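Take a look at the structure below.
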Amino acid sequence: MNQNYNYNSAFLYPKQPTSAHEIAEMAKQRNPIIETDKNIEKCLVENKYQTQTLNETHKIINEKAKIVKQLSQQVKSMEESSNKQYKTGLIISIITGLFAAGSFILALIQIFK
């Protein structure tokens with residue numbers, strides 16, 4: 001086999017190309033070691049990016065959890081406050097109703113005297 005056409009031997013045993021044809025063929029050939037290194041580097045860069053994104057997402061989720069917890073505490077305190085206001089309003093309404101009933105009874109007593 002003629003070495004000019006054995007492109008694998010040019011790949012496996014690097015040599016200086018002797019013609020434009022060899023240069024073109026060598027440029028077309030793949031170097032799996034370099035491509036693997038480039039792919040590993042791309043994967044590492046992508047993994048770092050994804051890790052950073054996940055870390056930022058984790059921080060955001062933690063902040064949201066804290067906010068939701070604070071909101072639930074505020075809602076609970078507002079609920080307790082509204083329950084107290086309802087009970088206070090109910091007691092005042094009952095007392096006002098009793099005064100009104102007492103005044104009505106006194107008015108009726110005075111009318112029939």
Side-chain angles (χ1 to χ4, degrees):
M1 189 185 263
N2 188 347
Q3 195 170 15
N4 285 340
Y5 296 103
N6 188 355
Y7 302 114
N8 284 332
S9 75
F11 172 71
L12 295 174
Y13 307 103
K15 65 180 184 82
Q16 293 292 327
T18 56
S19 67
H21 181 70
E22 282 186 9
I23 291 173
E25 288 301 318
M26 288 175 78
K28 290 180 187 176
Q29 290 179 350
R30 296 174 54 208
N31 186 338
I33 295 172
I34 293 173
E35 289 184 12
T36 302
D37 288 346
K38 287 181 181 177
N39 288 339
I40 289 172
E41 186 177 344
K42 286 179 185 177
C43 288
L44 285 173
V45 169
E46 183 64 25
N47 286 343
K48 286 180 183 178
Y49 174 74
Q50 289 178 357
T51 302
Q52 288 174 347
T53 304
L54 286 174
N55 287 338
E56 291 172 4
T57 304
H58 183 69
K59 288 177 185 176
I60 291 171
I61 289 172
N62 283 341
E63 290 174 8
K64 284 184 179 181
K66 289 177 185 176
I67 291 170
V68 168
K69 185 177 179 181
Q70 290 173 351
L71 285 174
S72 66
Q73 289 173 348
Q74 287 178 353
V75 167
K76 186 176 178 181
S77 68
M78 288 171 61
E79 181 181 358
E80 291 172 357
S81 174
S82 67
N83 284 341
K84 288 178 184 177
Q85 288 176 354
Y86 172 76
K87 290 176 183 177
T88 304
L90 185 63
I91 291 171
I92 290 173
S93 296
I94 291 172
I95 291 172
T96 305
L98 290 175
F99 278 125
S103 297
F104 180 72
I105 292 173
L106 285 176
L108 284 177
I109 290 174
Q110 290 203 0
I111 290 176
F112 292 117
K113 267 189 173 181

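In this text, all values refer to a predicted model and were calculated from it rather than measured experimentally.
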Suppose clustering is done on Ile, Leu, Val, Met, Phe, Trp and Tyr with side-chain heavy atoms closer than 4.5 Å. Which residues sit in the same group as [X]?
X    : result
I94  : Y86, L90, L98
Y49  : none
F112 : F104, L108
L106 : none

Taking everything shown except Q73 itself, do over 12 heavy atoms lie less than 6.0 Å from its CD? yes
Does any N or O in the side chain of S81 come within less than 3.5 Å of the main-chain N or O of S77, such that one atom is a donor and the other an acceptor? no
Any residue meeting side chain to side chain contact (heavy atoms under 4.5 Å, CB included) with I91, in chain and number order, not counting sequence neighbours: I95
[atom2] on [Y] to [atom1] on [X], rounded to 0.5 Å:
X   : Y   : atom1 : atom2 : answer
S82 : K87 : OG    : NZ    : 10.5 Å
N47 : L54 : CG    : CG    : 10.0 Å
E79 : S72 : CD    : OG    : 11.5 Å

Going by the rule side-chain hydrogen bond (donor to acceptor under 3.5 Å, both in side chains), which residues pair with Q50 if we only count those two or more places apart in sequence or in a different chain? E46
Distance-only criterion, 3.5 Å: show the donor-acceptor pairs between side-chain atoms of residues 56-71 and protein atoms not counting sequence neighbours.
unit_1	atom_1	unit_2	atom_2	d
T57	OG1	T53	O	2.7
H58	NE2	N62	ND2	3.3

